[in-house]
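In what follows, a structure is listed as structure tokens, so that the remarks can point back to it.
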Amino acid sequence: MSVRQHIVFLTGAGISAESGLCTFRDPDGLWRQVDPLELCTASALHENPEKVLAFYNQRRRELLSARPNEAHRIVAELERIHDVTVITQNVDDLHERAGSREVIHLHGELTKVTSSRSRLNLSCIKDFPLARPILPGDLAADGSQLRPAVLFFDEYPTFVSEQAARLCREADVFVVVGTSLSVGVAPDLVHLARKDVPRYLIDPDDFSGRIPDGFIHLREKAVEGMRLFRKEAENGFPSFTRFMDGKAD
Ligand code: OAD
């Protein structure tokens, strides 16, 4: 295996948990506290903009005080020895703040706003300071109500899914961190990574039956799991080599 590899990370809420941001489906997760169908749909925004915007403003405030953790930082630091792409389901910007240069957001970004009439209209998507609430009456360039540039439950993922699929197929090393693989395209992406390349899963949960065979499961929280993975990446992925040798016996 040549020294410099293209590592593709697929990350979810678990990588930001140690930064103090809630996951969704864990026992203390956000979707155990609120019903996403009441707050995270385009129809809810249309019917009750105050309530939906207040929910997202609260999440934007939480993000303002959150900081990248060591797991985000290790992902970014690996760019020194490998090529790294991050595909994330997270709407936070902690990968970027940690220094990652190539981050694909499958579910949008809390730091941006867009048009509620035409969310993919590029001329309406813009940065919006996290400290500033999005208010009913704030208008996009097309005159419609501003909304957070995140994917709602009654919307389809965008073209970035195709880009993500291509990257997963081409990865020299594929690493899944902190996602239950429950929704959207993420459960399909893990099947696209090649079976003859090192594939790792970092998540404290049991994944029996939820991940294809051949993934090396580091059953740790993100920070400890990424410390272990960094050693793998620095040493030529020894766990994968041992795994492949074992298979050959
Ligand atoms: P989930 O809440 O579904 O899953 C979180 C995963 O993180 C679980 O597998 C946990 O075991 C794991 N986890 C918890 N704490 C961790 C830690 N400290 N370190 C590492 N892993 C940890 O979150 P996602 O899979 O990211 O979409 O959810 C995917 C999407 O569902 C979200 O992007 C969001 C939600 O609906 C939208 O809002 C469109």
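Counting starts at 1 for both ligands and their atoms, following the listed order.
- The shortest contact between atom 27 (O) of ligand 1 and any protein heavy atom is with H107 ND1, 3.3 Å.
- Side-chain atoms of D142 and S115 form a donor-acceptor pair, as typed in the model, at a separation below 3.5 Å.
- In terms of protein heavy atoms, atom 36 (O) of ligand 1 is closest to W31 NE1, 2.9 Å.
- Both the backbone and the side chain of S180 come within 4.0 Å of ligand 1, judged by heavy-atom distances.
- Listed by number with element, the atoms of ligand 1 under 4.0 angstrom from any heavy atom of L151 are 39 (C).
- Side-chain polar atoms of Q89 and T179 form a donor-acceptor pair below 3.5 angstrom.
- You'll find the ring centres of F237 and F243 outside the 6.0 Å limit.
- In summary, the atoms of ligand 1 found under 4.0 Å from a heavy atom of G12, numbered by their order in the structure, are 26 (O).
- Residues H72 and E96 have side chains that never bring a donor and an acceptor to within less than 3.5 angstrom of each other.
- Close contacts of ligand 1 with D205, meaning ligand atoms under 4.0 Å from a residue heavy atom, involve 11 (O).
- Note: the hydrophobic cluster containing V113 does not contain V160 (ILVMFWY, side chain heavy atoms under 4.5 Å, direct or indirect links).
- A 4.5 Å side-chain heavy-atom check between R67 and S19 finds every atom pair outside the cut-off.
- Numbered from 1 in the order shown, with element, the atoms of ligand 1 that lie under 4.0 Å from a heavy atom of G178 read 5 (C), 6 (C), 7 (O), 21 (N).
- Note on ligand 1: F152 sits outside its first shell, no heavy atom being nearer than 4.0 Å.
- Residue P204 places a heavy atom less than 4.0 Å from ligand 1.
- Of the N or O atoms in T179, one or more lie within a sub-3.5 Å distance of an N or O in ligand 1.
- Here the heavy atom of the protein found nearest to atom 12 (C) of ligand 1 is D203 OD2, 3.2 Å.
- Each of the atoms 18 (N), 19 (N) of ligand 1 lies under 4.0 Å from some heavy atom of E18.
- With hydrogens left out, the protein atom closest to atom 29 (C) of ligand 1 is Q89 OE1, 3.3 Å, a heavy atom.
- Residues F229 and V173 are in side-chain contact: their nearest non-hydrogen atoms beyond the backbone lie under 4.5 Å apart.
- With respect to atom 31 (O) of ligand 1, the closest heavy atom belonging to the protein is R25 NH1, 3.0 Å.
- What sits closest to atom 15 (N) of ligand 1 on the protein, heavy atoms only, is A17 CB, 4.0 Å.
- For atom 30 (C) of ligand 1, the closest non-hydrogen atom of the protein is V183 CG2, 3.5 Å.
- Side-chain heavy atoms closer than 4.5 Å link hydrophobic residues (I, L, V, M, F, W, Y) into clusters, and following such links, even through other members, never connects L139 to L135.
- The contact set between ligand 1 and F153, taken as ligand atoms under 4.0 Å from a residue heavy atom, comprises 36 (O).
- More than 12 heavy-atom neighbours from other residues, nucleotides or ligands sit within 6.0 angstrom of CD on Q58.
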| message | Set out, in order, the CA-CA distance, both residues' side-chain angles and the distance that settles salt bridge (charged side-chain N to carboxylate O under 4.0 Å, His left out) for E77 and R73, then state yes or no. | response | CA-CA 6 Å; E77 284 161 17; R73 288 197 294 275; 5.1 Å; no
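- Taking 4.5 Å as the limit, some side-chain heavy atom of V190 sits within range of a side-chain heavy atom of L181.
- The single protein non-hydrogen atom nearest to atom 20 (C) of ligand 1 is A222 N, 3.3 Å, given as residue, atom name and distance.
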